[in-house]
Amino acid sequence: MEYNFSEIEPKWQRFWREQKTYHVENNSEKPHYYVLDMFPYPSGAGLHVGHPLGYIASDIYARYKRLCGFNVLHPMGYDAYGLPAEQYAIQTGQHPAVTTEQNIKRYREQLDKIGFCFDWDREVRTCEPTYYKWTQWTFIQLFNHYYDEELQKARPISELVKKFENGDERAPEWNTMSDKEQQDLLMNYRLAYLADIPVNWCAELGTVLANDEVVNGLSVRGGYPVERKLMRQWSLRITAYAQRLVDGLEQVDWTDSLKEIQRNWIGRSEGAAVWFPLDAPTTSVDSPTSLYMGQVAPEPTPSFEIFTTRPDTIFGVTFMVLCPEHELIDQITTPEQKAEVEAYVTWAKNRSERERQAEVKKVSGVFTGAYAINPLTEEKIPIWVSDYVLAGYGTGAIMAVPAHDSRDFAFARHFNLPIRQVVALEKDAVSDPATWEESMDAKTGYSVNSGFVTGMKVKDAMKAVIDRIEELGIGHRTVNFRLRDAIFSRQRYWGEPFPIYYKNNIPYPIPEECLPLLLPDISEYKPTETGEPPLGHAEVWAWDEANRKVVSKSLIDNKNVFPLELNTMPGFAGSSGYYLRYMDPHNDKAYFSPEAVNYWQNVDLYVGGAEHASGHLIYARFWNKFLFDIGLSVKEEPFQKLVNQGMIQGRTSFVYRSKEDKNLYISKNLVKDADSVSPIRVDINIVDNDILDTERFRQWRPEFADARFELEDGKYVCGWEVEKMSKTYFNVQNPDDLVAKYGADTLRMYEMFLGPVEQAKPWDTNGIEGVFRFFKKFWRLYHNENNQFCVDDSEPSKAELKILHQTIKKVTEDIERFSFNTSVSTFMICANELASMKCNKRAVLEPLAILIAPFAPHIAEELWHLLRSDNQSVCDAKWPEFDEKNLVEDSFTYPVSFNGKMRFTLDLPANCTQDEAIAAVKAAPEAQKWMGDKEPKKIIFVPKRIINIVC
RNA sequence: GCGGAUGUGGCGUAAUUGGUAGCCGCGUUAGACUUAGGAUCUAAUUCCUCCCGGAGUGGGGGUUCGAGUCCCCCCAUCCGCACCA
């Protein structure tokens, strides 16, 4: 029989399904290993060849681990809530659940054809009530917990209430507060909280977006403008975990670049918070010094706090800047400046995020007329307002040191403010800042003109200044983060409903026993006429507190019936904890059982795209840390090792149409002048190895029906370019087509052969033939000339064993370091050598079938069953052991170099000593030729490698 | 601007981690078997060359007996962040 993949592959896929080969139990004597893929959003377009790349890599690893004796959890599911299904629903009225179901069906068919070892019994879908019940449950836990700064972990909010009741400086009047006041106060502590916050509002999408969903002022989905707007929204207090999110990166095995992206996103910076008193005529302070000695309790002096990472430059402050939103502006602006300041503030606040970002280089601002006092120099410093200071970072106020901060420098130059040098590269290298072209921002050199720190190194000066500031009680060391809390409300339909109802305008969670709070059906998926989110259309959408159930909205006037939250949760809600649910997906009593999580612990290997670095991968880490704090999750970090598969780009094919003769298409290498032709994208499915199928091209579209071609060697050669894989570029490669033409094993192997998994690369089908040829050759190793299965039970030769063990060694090492492209090469070398030796020994071919099983499970399974009479799957075989002694040689050919150049080779015993080697070199006739009568000055001998002789 | 990465034949890539650069595959060329082949097999294929050799891993310098690999300076491309004080 010839290698007939179209018969083999469905046969074994059925076998695996019927035998439940990939079913995984939560208890086993074997060591556990958890291999996870980022689950897909099932879009309407189906899979293209880029999607399975990571799945194939993780599948190979999962299969390998299993063969090595691990109990491997390798699940798959769907991130099923999302905007496209909802937008499709708005256009067609089709329920998103219906389209989502259809898309999932198609995804599953496509995935099944590739032969993955997923345990489909553990499938999760984020839109299933049995799943989102636990998303809602976690939200309630977040709502019911706060972050205890002392313990550095989440604790029940009831503990905080108890503290407040017993007297706490954070809520001195707690016991006299009304319920509403108490609840409002607690909102400042809850990990899931409701607050009026500036949000990214996207009018076009009719929803707010998280920071990572906005790029350059445009929405990631759709590219619509986004504006800042104050809205009452649910947020997650992820900032409470900022430090732990930074620290945790030390413990995980991720690439440096990915860790760096996360560190940047979290944006930790150390510095000082310093209070600058106002030079306000209203304050009755005799001498500013009396303020700072610490003993005299001064009159309450209006002052404001700034944050700086360069406390050492405090002697170079020549002005202060407040952000336009700063609350102090109204109080301090002098009457003369009032009109100007108000105009500026209004202008700044109304600027869209996009405008602001586009004009970053433009300097704008206005003087308030007020002054602050530099607490160390007692100088009077003007206070300005400018939008280059951001409200959301630090305190929204800065001390400006134009000599050593490029933004302050630009501002000072623009408004002609003084610039004073306080840092120099050398102690005496002081120059006139008026001559500078740019500020000196580097944190190197020495302090100059800086009072008591003059002459110190910058680093020491920083410490000295902070120490003094803390001594004086006018500030303290502090850490600031760029990370913002995650906005958790979406004005959408197709997402998890919040398990929240409002009584007297105070939010309450519905009782946990009543979860899930089911997403109601609605008639229209658009916002309501009054501007409420789509859930405003839901008729039966009110909470009956007494009967603990959802009832009709019309009952809201009744005593115990209250409105339910109309927002839904964002996409990252469902994807933040799914890896935990896979451990115990059918549990209806708990998110997952303690037994399950104690067995699996956390994800050992996570494979997915780097585009989730500042979204999903941060949220999931936060989510897991919270579950860890409340005792559910057992590891603080959810994903121990992370591999980012590179994006597969498209490789677009072009034909070149003559500009003179619109029906003439010129083959690529015959195009003399690029301006004389127009390149036209052509469907890659009618191009093979860059050769255009001219007949199918004529049929492709009516306008090409009369096409004529200028051919080279009778062929039309297309040009190509790397672009995004997209329908509009005709460069989408559907995996189904390749499976049909070459089989799943060839597709799997070829995707790996393309290059390192981590590397972005264009999809290029040229070359898949080579892998297909390999499989035909591989098949023939197990068959005779008449295509009959034929293996030999005799002892293998030394040479044959050497090839086998070389292959075992290399493939094992390659898989361990995720280098699958090189293992494919190793298989090819192995097959070539065995074929040329005509080796058909069982002792070689049986282990070989196991070795290739992770890569090409179908052909491996077929050969395995031909080799053995028991009905055992190759998936349950044992990974062959590598035995060094098969590789040991009696003699070894040593390359011999003179003065660094290789001159000749010498056969020596493989384990010869250095002295023996040197003696052999001296005796060799070739050596005489190179050495002449010179004595070697130096002989370098590396075991089994090189002998280098320097004369 | 800041941060991270990458740069090797016509193409995708490899190199035991400092040890004969170009493995494996595509493509190309020649040959074999064929009525035929877009099947299969064999051989060649970094470049230059007067066939003696010489040059060569983005460019320049350095360390070393020896550098694709380590160090310094440029150049190019890709990615992330971007007024974050």
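Lettering follows sequence order; numbering is per chain, from 1. Note that these values count all heavy atoms, side chains included, but never hydrogens, waters or copies made by symmetry.
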Asks: Work out how far the P atom of B/G12 is from that of B/G19, and round it to whole angstrom.
Replies: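 Their P atoms lie roughly 25 Å apart.
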Asks: Compare the minimum distances between each of B/C83, B/A85, B/C24 and the side chain of A/Asp387, then state the nucleotide with the smallest one.
Replies: B/C83
Asks: Before we go on, tell me: are the rings of A/Trp265 and A/Phe481 under 6.0 Å apart, centre to centre?
Replies: no
Asks: Just name whichever nucleotide pairs with B/U6, Watson-Crick or G-U, keeping both distances under 3.5 Å, else none.
Replies: B/A76
Asks: Are any of A/Asn644's side-chain N or O atoms less than 4.0 Å away from OP1 or OP2 of B/C79?
Replies: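 Checking B/C79 against A/Asn644, no side-chain N or O comes under 4.0 Å of OP1 or OP2.
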Asks: Cation over ring, A/Arg263 on A/Trp254, under 6.0 Å and within 45°?
Replies: no
Asks: Can you find a side chain N or O atom of A/Ser269 that sits less than 4.0 Å from OP1 or OP2 on B/A85?
Replies: yes
Asks: Provide the distance between the two C1' atoms, one in B/A67 and one in B/G56, to the nearest whole Å.
Replies: 14 Å
Asks: In whole angstrom, give me the gap between the P atoms of B/G31 and B/C79.
Replies: 47 Å
Asks: For the side chain of A/Asn264, counting heavy atoms from C-beta on, which of B/G27, B/G3, B/C83 is nearest?
Replies: B/G3
Asks: Would you mind telling me which of B/G12, B/C83, B/A39 lies closest to the side-chain atoms of A/Lys776?
Replies: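 Side chain of A/Lys776 sits closest to B/A39.
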Asks: Just name whichever nucleotide pairs with B/A15, Watson-Crick or G-U, keeping both distances under 3.5 Å, else none.
Replies: none
Asks: Less than 4.0 angstrom between a side-chain N/O of A/Arg482 and OP1 or OP2 of B/A82, yes or no?
Replies: yes
Asks: Between B/G10 and B/G58, how far apart are the two P atoms, rounded to whole Å?
Replies: 13 Å
Asks: Name the closest nucleotide to the A/Asn821 side chain, picking from B/C83, B/A14, B/C41.
Replies: B/A14
Asks: Whether A/Arg310 contacts B/A85 is assessed here as follows: a side-chain N or O lying under 4.0 Å from the phosphate OP1 or OP2. Is that the case?
Replies: no
Asks: Take the angle between the ring planes of A/Phe411 and A/Trp384 and call it parallel below 30°, perpendicular above 60°, tilted in between.
Replies: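 If you compare the ring of A/Phe411 with that of A/Trp384, the planes turn out perpendicular.
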Asks: Picking from B/C24, B/A85, B/C26, which would you name as closest to the side chain of A/Asn766?
Replies: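 Closest nucleotide among those given: B/C26.
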Asks: Please state the P separation for the pair B/C70 and B/U17 - nearest whole angstrom.
Replies: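 Between the two P atoms, the distance is 14 Å.
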Asks: According to the Watson-Crick and G-U wobble definitions, with both distances under 3.5 Å, which nucleotide is paired to B/U42?
Replies: B/A30
Asks: Considering only atom P, compute the distance from B/G25 to B/U77 and round it to an integer number of Å.
Replies: 34 Å
Asks: Between A/Arg484 and A/Lys810, which is nearer to the 5' end of RNA chain B once each is assigned its nearest nucleotide?
Replies: A/Lys810
Asks: So if I take every side-chain heavy atom of A/Thr308 and compare against B/G3, B/C26, B/A85, which nucleotide ends up nearest?
Replies: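 The answer is B/A85, which lies nearest to the side chain.
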Asks: For A/Asp814, is there an ion pair with A/Lys810 - N to carboxylate O distance below 4.0 angstrom?
Replies: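 A/Asp814 and A/Lys810: salt-bridged.
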Asks: Look at the side chain of A/Arg780 and decide which nucleotide, out of B/C26, B/U40, B/C83, has an atom nearest to it.
Replies: B/U40
Asks: Any side-chain N or O of A/Arg773 under 4.0 Å from OP1/OP2 of B/G38?
Replies: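 A/Arg773 to B/G38 OP1/OP2: no side-chain N or O under 4.0 Å.
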